[in-house]
Chemist: 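I have a structure I would like to understand better, so I am pasting it below and will then ask my questions one at a time.
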Amino acid sequence: PTSTSLGRPRSHTTSGWPANRRAARTVAVSTMAVVAPVQQTSSSAAASSLARSAQVAARAAMPSLHPKGTIDATADIKGSFSKPTGTVTLDGRGLGVAKGQGSKLPAADVTARETLRGTSMHGSAKVTMGGATIEANGTVPLAMTGPMDLSVKLANLDAKLAHAVMPSVSARGMVNGQAKLTGTPKAPRGRIDLAAKGLRVLSGPASSLPPVDITAQETLQGKTMQGKLRLRAGRLADLTLAGTTPLSTTGQMDLGLTGQADLKLLDPITEAQGAQIEGKLTPNLHGRGTAKAPQASGDLRLSGGSIRK
């Protein structure tokens, strides 16, 4: 077993895997303090390497990353490399970055309880950031072709979090969603529901537009996704995109766009040029073919159109 604190190794013992590559091994990472900057330790090279592995991996991908937070994890793994069994638990508190892009995001808490079953992993995981949560429960295969049975729920994701990553963007609105996934990762089946309420940009010309509501209901069918997406912007727009979308660039699509949109939506752009456009658009458009070779048809009608300066 191994018990370590990231930055200051507590103890470190190792034992080799048996020659037949089957083993029972337990790893406990206790109170792994992820801090920035990392303080170098002196002599225990093996323990230092293990203790810093999380930061090394993160900084290799993003050298300017300054992680923060605490992780407690335990793994009891048996079986073989190709069919592992055992349990994994993880608790992360106050996770985030201390400096740079994303440092103003709320700290995240993570919990996971997973059981390895040879060809799959069963359990639950939850991430909390500010008032937002995402939870996943069920079975995930360890191969792209293995069966899955997974439920995912997203709650209270606030659009204002975008400002912490992109300071030039100030927005409001709330996003919620849920998914029930079966089939395989390579050919997923199930249902996805998404609702974004009151989306609005608070700065720039677009701040004068009404809040936008978006709803989506999609059914995964292995190689395609069928359903509809609806966008409403007060009394100015009500548009629906419905039909079949392939899950690959070579699959066939069959989509239709219908509804109505008021050209007053363009006011933030046209008023800056000293013009005002009036009228209503009624689309009846269809998209077929593939993503690489799309085919468009239908009509777009304008009524009551005028331009004033």
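All residue numbers refer to positions in the sequence shown, counting from 1. Predicted model only: the values in this text are computed from it and were never measured.
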Chemist: Honestly curious: do Met129 and Met174 fall in one hydrophobic cluster under the side-chain, below-4.5 Å linking rule?
Modeler: no

Chemist: Could you pull out the closest heavy-atom pair between Pro210 and Ala233, with the gap in Å?
Modeler: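 Minimum heavy-atom separation between Pro210 and Ala233: CG-O, 3.7 Å.
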
Chemist: Any heavy-atom pair between the side chains of Gln221 and Thr219 that's under 4.5 Å?
Modeler: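 Yes, close enough: below the 4.5 Å cut-off.
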
Chemist: For Gly79 versus Thr85, what's the shortest heavy-atom pair and its separation?
Modeler: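 Looking at all heavy atoms of both residues, the closest pair is N-OG1, 3.7 Å.
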
Chemist: How far apart are the closest heavy atoms of Val175 and Ala196, and which atoms are they?
Modeler: CG2-CB, 4.0 Å

Chemist: Do the side chain of His163 and the main chain of Val169 share a donor and acceptor less than 3.5 angstrom apart?
Modeler: yes

Chemist: Hey, quick one: are Leu241 and Met225 part of the same hydrophobic cluster, counting side-chain heavy atoms closer than 4.5 Å, chains of contacts allowed?
Modeler: no

Chemist: Evaluate whether atom NZ of Lys153 has more than 12 neighbouring non-hydrogen atoms of other residues, nucleotides or ligands under 6.0 angstrom away.
Modeler: no

Chemist: Honestly curious: do Ile134 and Val165 fall in one hydrophobic cluster under the side-chain, below-4.5 Å linking rule?
Modeler: yes

Chemist: How many angstroms lie between NE2 in His66 and NZ in Lys68, if you round to the nearest 0.5 Å?
Modeler: 12.5 Å

Chemist: Under a 3.5 Å distance rule, please check whether Asp213 uses its side chain to pair with a backbone N or O of Gly198 as donor and acceptor.
Modeler: yes

Chemist: Rounded to the nearest 0.5 Å, how far does CD1 of Ile277 lie from CG of Leu265?
Modeler: 11.5 Å

Chemist: Is the CG atom of Leu202 crowded by more than 12 outside heavy atoms at less than 6.0 Å?
Modeler: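 Buried by this count: over 12 neighbours within 6.0 Å.
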
Chemist: Could you tell me whether Arg301 and Asp299 make a salt bridge, using a distance below 4.0 angstrom between a side-chain N and a carboxylate O?
Modeler: yes

Chemist: So, Glu218 side chain and Gly227 main chain: donor-acceptor pair closer than 3.5 Å or not?
Modeler: yes

Chemist: Taking side chain as C-beta onward, heavy atoms only, is Lys180 less than 4.5 Å from Asp149?
Modeler: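 They are in side-chain contact.
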
Chemist: To the closest 0.5 Å, what do you measure between CG (Leu247) and CE (Met253)?
Modeler: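 Those atoms lie 13.5 Å apart.
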
Chemist: Hey, could you give me the CG/CG distance between Leu181 and Leu220, rounded to the nearest 0.5 Å?
Modeler: 6.5 Å

Chemist: If you look only at distance, which donor and acceptor atoms sit under 3.5 Å apart when one is on a side chain in residues 117-127 and the other is two or more places apart or in another chain?
Modeler:
from   : atom 1 : to     : atom 2 : distance (Å)
His122 : ND1    : Gly138 : O      : 3.4
His122 : ND1    : Thr139 : OG1    : 2.8

Chemist: Which residue pairs satisfy the salt bridge (charged side-chain N to carboxylate O under 4.0 Å, His left out) criterion with at least one member in residues 157-173, sequence neighbours excluded?
Modeler: none

Chemist: Okay, side chain of Arg200, backbone of Leu209: is any donor-acceptor separation there less than 3.5 Å?
Modeler: yes

Chemist: Quick one: does any side-chain atom of Arg113 pair with a main-chain N or O of Leu90 as donor and acceptor, under 3.5 Å?
Modeler: yes

Chemist: Calculate, to the nearest 0.5 Å, the distance between atoms CD and CG belonging to Glu278 and Asp267 respectively.
Modeler: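 Glu278 CD to Asp267 CG: 8.5 Å, rounded to 0.5 Å.
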
Chemist: Donor-acceptor pair, Asn176 side chain versus Ala195 backbone, under 3.5 Å?
Modeler: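 Such a contact is absent between Asn176 side chain and Ala195 backbone.
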
Chemist: Looking only at heavy atoms, what is the nearest atom pair of Pro268 and Ser208, with distance?
Modeler: CG-OG, 3.5 Å

Chemist: Out of curiosity, does Leu150 fall in the hydrophobic cluster containing Met144 (side-chain heavy atoms, cut-off under 4.5 Å, transitive links)?
Modeler: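 No; tracing contacts between hydrophobic side chains, which count when under 4.5 Å, never links both residues.
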
Chemist: Between Thr145 and Thr184, which heavy-atom pair has the shortest distance, and what is it?
Modeler: O-CG2, 3.3 Å

Chemist: What closest approach, in Å, do Asn156 and Gly131 show between heavy atoms, and which atom pair accounts for it?
Modeler: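 Shortest heavy-atom separation between Asn156 and Gly131 comes out as CB-O, 3.3 Å.
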
Chemist: So, taking the atom named OG1 in Thr215 and the one named NZ in Lys197, what distance separates them when rounded to the nearest 0.5 Å?
Modeler: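 It is 6.5 Å, given to the nearest 0.5 Å.
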
Chemist: Taking side chain as C-beta onward, heavy atoms only, is Arg288 less than 4.5 Å from Gln252?
Modeler: no

